[in-house]
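Working notes, structure below.
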Amino acid sequence: MKKFLSLGLIRGLIWQAIGTAVGMGFISLIRVLLGMDVWAVEPAAVFGALVGAFSFLGGVGILTDWFRWAQGKETTDELDDSHLGWARYFGPSLDHKVIGIQYLIFSLFLMLVGGSFALIFRTELAEAQMQFLSPDLYNTIMSLHGMIMIVSILLGVAAFMNYLVPLLIGAKDMAFPRLNSFSFWIAVPAGIILLSSLLTGGFDTGWTGYPPLSARAPLGMQMFFLGVSLAGYSSILGGLNLIVTVMRYRANGMTAFRMPIFVWSAMATSLITLTATQLIGLSFQMVMLQRLFGLGFFDPIKGGNPILFQHLFWFYSHPAVYVFVLPGLGIISELLPVFVRKPLFGYRWVAMSSLGIALVGFLVWAHHMFTSGMQEYLRVPFMYSTMLVAVPTGVKFFSWVATVWRGKITFAVPMYFLLVGIVVFLLGGLTGPPSAVVSSDLHLQDTYYIVGHFHETMFGGYIFPFFAAIFYWFPKMTGRRLSEKLGKIQFWLMGPSFIIMSLLMMRIGLLGMRRRIADYDPTMGFQPYHFTMTVMGFITGLGVLVFLYNLVTSWKNGELATDNIWNSRSPEWQVPSPMPVHNYDRDLEVVGEPYDYGLAGSHYVAFKGGK
Amino acid sequence: MKHFAIVAPLVLISTWLVHTGLTAIGLLPVEASLQAVSIDAQIQIQLWLISFLFSLIVVTLFYGLVVFRRRPGETGDGAHIEGSTRLEIAWTLIPLITVLVLAYLGAQSLRDIRRVDPSAMEVDVTAGQWYWSFAYPDSGVTSDTLYLPINRQVLLRMNSKDVIHSFWVPQFRVKQDLVPGQTTELRVTPTLAGEYPLLCTELCGTSHAYMVAKVKVVSDAEFAGWISQQTTAVVDPVVQGRQLSQQYCAACHSVDGSQKVGPTWLGLAGSNVPLADGSSVLADEAYLKNSILNPNLNIVAGYSPNVMPSFSGTLDDAKVSALVAYIQSLGK
């Protein structure tokens with residue numbers, strides 16, 4: 001019990017509860033002093049949640065070192081918490097590998113929650129008419145599915161960037177270990193606040209939170225806005241940290257075009273999170289203020305403009321899609337040469353294509369608004385800019401195919417997931433242009449076609465590469481490997497079922513199925529499609545359960561794998577697994593190209609000196 | 001070169017198969033407007049491109065996976081090929097030109113869709129939670145069904161009373177949001193007589209899924225007949241109330257005793273209604289009127305406040321009275 005209570009996470013949760021109560025009490029105190037009614041739910045809840053979030057950080061101990069610095073006291077950088085065993089994952093740590101795994105665990109937890117929500121409302125949709133959900137509960141769960149999955153993906157992306165980038169560039173840690181720890185831990189109370197919207201009346205706006213609907217939704221809306229705004233700090237600070245790390249802490253000899261390709265995609269991703277995340281925070285906070293203080297940003301009666309919100313929102317939320325997929329595409333480019341046993345075709349072009357996607361991604365946001373009622377002529381330039389995204393994306397596909405060509409291809413579970421990732425992302429990519437062209441988008445906007453297209457980009461660009469990466473780097477994290485057999489079962493459960501589901505989504509969308517509806521007209525003939533999609537959804541979910549079983553059993557009893565089991569050239573595989581606490585105990589120098597498979601006698605890195 | 005000679009025909013065959021398959025299953029609803037013709041032409045072009053690119057990548061990829069797989073007993077690596085600047089430039093420039101052409105064609109199509117017919121008939125569309133209402137300024141008629149004469153362009157001038165809604169008739173293809181505080185416009189030229197659903201495609205709260213209206217495309221003569229019938233008919237308040245209720249109320253209130261978002265109207269008038277605060281109230285005319293104009297005043301036990309919007313700006317006295325008359329006709 002004492003050990004349990006000493007866990008950082010538990011301390012944080014207790015402090016968060018206390019902080020929330022104090023914050024709520026503070027608002028009531030002010031109201032009493034001003035002679036108003038004591039109790040006002042919304043301001044009290046919002047302020048309480050805000051104070052609770054920072055109390056959580058205090059409780060975990062994330063802020064301690066910074067307070068000590070402010071007082072002029074010494075702190076230690078040599079925080080070796082490996083003696084703590086599993087408990088180190090539940091408390092503050094300065095080790096990027098521990099933080100990476102913390103991100104990973106929390107991301108998987110949220111993925112389970114968000115995925116369960118999807119299965120709940122998919123079950124409701126299996127038949128026309130409402131069966132067991134009310135329309136309001138349906139809307140809440142559907143909306144939360146969206147945002148929880150987005151936060152889960154952001155955390156999963158952060159997991160791999162944190163765990164891998166210092167290893168790949170030969171650094172001891174991230175540039176700012178305390179900021180790194182802060183970035184992770186702020187996401188925990190943010191996630192709790194986001195989930196609390198389920199218990200505070202829910203909300204019915206979808207993850208986009210468009211006003212005026214969000215300005216009149218129940219209290220849960222505020223918890224949603226606040227949770228997302230706080231999670232935004234995680235993204236912004238994580239991006240900053242990563243950019244500095246890559247700029248300043250690369251091994252000797254690692255010039256820009258000798259960096260592992262994943263590092264390029266992590267840089268492109270971080271440039272987006274560092275500079276765009278503010279806009280979604282801003283747009284959400286403006287609605288929060290509109291609700292709390294009656295400021296009329298988006299209220300037409302007060303001279304506000306609802307469409308302004310959409311511009312601010314999509315200025316982040318479109319590039320955010322590239323935050324979700326660029327790391328996944330980077331993983332495909334990183335791992336494909338290892339399994340194909342051949343250099344990555346056109347390394348520089350692939351590297352530049354990530355930056356190209358990130359850059360063009362900033363110029364396309366209004367393609368989400370072709371039917372919104374914004375200035376009509378704006379639709380044409382945004383159509384052209386959106387179409388440009390296809391060019392660097394195409395470069396990636398062609399380069400992958402050319403990498404495979406004349407290789408000596410080996411098949412292991414990571415390769416399976418890479419391949420299904422490529423095919424599914426291709427489906428997602430090819431179904432994009434019809435919705436980028438204004439005139440065809442007038443038919444497609446806000447239909448199930450878009451739902452199918454979007455889920456294909458997410459599964460192809462994130463989910464499948466993410467599983468490939470876990471299977472690939474799990475031995476580096478634990479010294480054991482995941483079961484190949486269970487991995488293949490998971491692949492055959494998830495791959496085909498997802499592809500069928502997404503194709504059916506697009507099919508009924510083209511025929512007239514709207515997105516975000518709790519119920520549909522049985523006379524439109526969609527019922528068999530919906531039923532099939534629900535079954536496929538559950539099979540996909542079953543695949544995830546198989547994965548979890550694999551994860552837990554292999555962590556304890558998996559086959560030992562301390563060597564370079566994939567025969568990779570990458571520096572992290574040149575030292576035994578699991579990775580030592582301080583990464584590389586000898587200086588590491590880059591002496592060759594990262595992906596020169598097939599070139600006899602060549603090496604990527606060399607280690608200098610003895611221990 | 002041998003491999004390319006095999007892959008190239010395979011890609012072409014696959015392209016044809018994918019395109020034929022997709023076309024054969026019928027991807028789109030019936031084409032019922034001039035604008036739909038232009039949009040479907042775009043989708044046809046895109047379909048060829050999708051079929052080709054899908055085949056090009058997938059067939060080449062899987063051909064490579066099979067032919068270049070490591071066979072049992074082999075240990076070596078693949079060929080050491082780092083890249084080809086010529087190829088990279090080719091597969092940057094060709095897609096670039098392709099997408100620019102696609103966007104150009106899309107812009108042309110947008111121009112066609114928006115082409116103004118000066119003799120277009122105007123209809124004022126109003127949307128609110130959760131109803132559609134159509135006013136014909138030429139004749140003063142208001143309706144819950146959008147009647148449109150065939151082969152004549154209609155200019156829809158659209159407003160929202162509360163939150164953002166969106167106008168979509170799948171058979172017309174075109175879509176436009178209705179934004180509170182501004183008037184948005186949409187032009188449609190129906191070309192096929194029939195009845196189609198008008199669907200709200202922007203999530204607008206609890207009963208969004210049920211925010212549906214009918215669109216009837218009819219001949220000029222039928223349209224003229226409908227207008228004159230609407231302008232001359234002396235309406236029984238109960239009949240008028242039923243029409244209004246289908247437009248404004250039926251998404252949430254049933255008239256057969258079944259449960260929807262709000263309480264049913266069957267047997268409501270004259271009954272004693274239990275309220276959320278524990279008291280109860282007689283459902284007389286004053287109560288019913290109040291419930292339409294100030295829904296948060298008396299919350300029925302088991303229901304939440306703030307779900308039903310007030311109709312005080314939407315329905316005038318005569319309409320409220322007609323609705324009450326209709327509810328009373330369903331009462332005890």
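Numbered from 1 within each chain, the chains take letters A, B, ... in sequence-line order.
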Can you confirm whether B:Arg111 is buried at CZ, in the sense that more than 12 heavy atoms of other residues, nucleotides or ligands lie under 6.0 Å from that atom? yes
If I compare all heavy atoms of A:Pro343 with all of B:His80, which pair ends up nearest, and what's the gap? CG-CD2, 3.5 Å
Pair count under 4.5 Å, heavy atoms only, with chain B: among A:Ala402, A:Gly407, A:Ala436, highest is A:Gly407
What are the two closest non-hydrogen atoms of A:Ser439 and B:Ser109, and how far apart are they? OG-OG, 2.8 Å
Could you check if a side-chain atom of B:His3 sits within less than 4.5 angstrom of a side-chain atom of A:Arg406, using non-hydrogen atoms only? no
Show your working on side-chain hydrogen bond (donor to acceptor under 3.5 Å, both in side chains) between A:Ser372 and B:Asp177 and close with a plain yes or no. CA-CA 5 Å; A:Ser372 70; B:Asp177 288 5; 5.4 Å; no
Taking every non-hydrogen pair under 4.5 Å, which of B:Asp40, B:Val212, B:Ile43, B:Ile164 racks up the most with chain A? B:Ile164
Is chain B contacted by the side chain of A:Ser399, its backbone, both, or neither, given a heavy-atom distance below 4.5 Å? both
Taking all non-hydrogen atoms of both residues, which atom of A:Phe398 and which atom of B:Leu56 are closest, and how far apart? CE2-CD2, 3.8 Å
Provide the closest heavy-atom pair for B:Pro95 versus A:Val391 in the form atom of the first, atom of the second, distance. C-CG2, 4.2 Å
Relative to chain A, which segment of B:Gln108 carries a heavy atom at a distance below 4.5 Å: side chain, backbone, both, or neither? neither
If I measure from the heavy atoms of chain B, does A:Leu213 come under 4.5 Å with its side chain, its backbone, both, or neither? both
Heavy-atom pairs under 4.5 Å with chain A, option from B:Leu61, B:Leu93, B:Ile45, B:Thr183 with the top count: B:Leu61
Report the option among A:Arg515, A:Arg341, A:Met524, A:Arg514 that has the most heavy-atom pairs separated by less than 4.5 Å from atoms of chain B. A:Arg514
Does any non-hydrogen side-chain atom of A:Phe411 lie less than 4.5 Å from one of B:Arg69? yes
Is there a donor-acceptor contact under 3.5 Å from the side chain of B:Gln42 to the main chain of A:Val437? no
Report which part of A:Asp596 has an atom under 4.5 Å of a heavy atom belonging to chain B: side chain, backbone, both, or neither. both
Could you tell me whether a side-chain N or O of A:Asp204 sits under 3.5 Å from a main-chain N or O of B:Gly205, the two making a donor and an acceptor? no
Can you tell me which portion of B:Tyr104 sits under 4.5 Å from chain A's heavy atoms? Options are side chain, backbone, both or neither. both
Closest non-hydrogen atoms of A:Ile307 and B:Gln182, given as atom of the first, atom of the second and distance, are CD1-OE1, 3.6 Å
Heavy-atom contact with chain B under 4.5 Å, split by part of A:Val438: side chain
Tell me, for A:Pro218 versus chain B, whether the close heavy atoms (under 4.5 Å) come from the side chain, the backbone, both or neither. neither
Output the option from A:Pro434, A:Pro135, A:Gly394 having the highest count of non-hydrogen pairs under 4.5 Å with chain B. A:Pro434
Inspect the surroundings of CZ in B:Arg71 and state if more than 12 heavy atoms from other residues, nucleotides or ligands are less than 6.0 Å away. yes
Looking only at heavy atoms and a cut-off of under 4.5 Å, which of B:Ile81, B:Leu96, B:Leu110, B:Val58 has the most pairs with chain A? B:Ile81
A:Gln310 versus chain B, heavy atoms under 4.5 Å apart: side chain, backbone, both or neither? side chain
From the list B:Leu203, B:Val99, B:Thr184, the residue making the most non-hydrogen contacts under 4.5 Å with chain A is B:Leu203
Side chain to side chain contact (heavy atoms under 4.5 Å, CB included) for B:Leu28 and A:Leu511? Distances and angles first, verdict last. CA-CA 5 Å; B:Leu28 292 161; A:Leu511 290 174; 5.8 Å; no
A:Ser440 side chain reached by B:Gln46 side chain, heavy atoms, under 4.5 Å: yes
Heavy-atom check, side chain of A:Leu510 versus side chain of B:Pro29, under 4.5 Å: no
If you tally heavy-atom pairs under 4.5 Å between each of B:Leu105, B:Val174, B:Val67, B:Val179 and chain A, the highest tally belongs to B:Val179
Part of A:Val395 within contact of chain B (heavy atom distance under 4.5 Å): both
Answer with side chain, backbone, both or neither: which region of B:Met211 has an atom nearer than 4.5 Å to a non-hydrogen atom of chain A? backbone
Output the distance between atom SG (B:Cys204) and atom CZ (A:Arg516), rounded to the nearest 0.5 Å. 12.0 Å
Side-chain heavy atoms of A:Arg507 within contact of B:Ile25, under 4.5 Å: yes
Below 4.5 Å from any heavy atom of chain A, which atoms of B:Ile97 appear? Answer side chain, backbone, both or neither. neither
So, does A:Lys342 use its side chain to make a donor-acceptor pair with the main chain of B:Ala79 at under 3.5 Å? no
Highest number of heavy-atom pairs under 4.5 Å with chain A: which of B:Gly64, B:Pro180, B:Ala103? B:Ala103
With side-chain contact (heavy atoms from CB on, under 4.5 Å) as the test, pick out the partner of B:Thr201 among A:Thr371, A:Asp446, A:Ile517. A:Asp446
Which heavy atom of A:Phe345 sits nearest to which heavy atom of B:Ser84, and what is that distance? CZ-N, 3.5 Å
What part of A:Asn139 is in contact with chain B, defined as an atom under 4.5 angstrom from a non-hydrogen atom: side chain, backbone, both or neither? side chain
What part of B:Asp162 lies closer than 4.5 angstrom to a heavy atom of chain A: side chain, backbone, both or neither? both
Are any of the side-chain heavy atoms of A:Met415 and B:Leu65 separated by less than 4.5 Å? yes
Can you find a pair of side-chain heavy atoms, one from B:Leu100 and one from A:Met387, that are under 4.5 Å apart? no
Strictly below 4.0 Å, N to O, side chains only: are A:Arg348 and B:Glu88 in salt-bridge contact? no
A:Ile301 portion near chain B, given a 4.5 angstrom heavy-atom threshold: neither
Can you tell which part of B:Leu47 gets under 4.5 Å to a heavy atom of chain A, answering side chain, backbone, both or neither? neither
I want to check something: taking the side chain as every heavy atom from C-beta on, are B:Val7 and A:Trp405 in contact at a cut-off of under 4.5 Å? yes
I'd like to know if the side chain of A:Lys408 and the backbone of B:Gly76 have a donor-acceptor N/O pair within less than 3.5 Å. no
Using 0.5 Å steps for rounding, measure from the CG atom of A:Leu444 to the CH2 atom of B:Trp168. 8.0 Å
Could you tell me which portion of A:Met352 (side chain, backbone, both or neither) has an atom closer than 4.5 angstrom to a non-hydrogen atom of chain B? neither
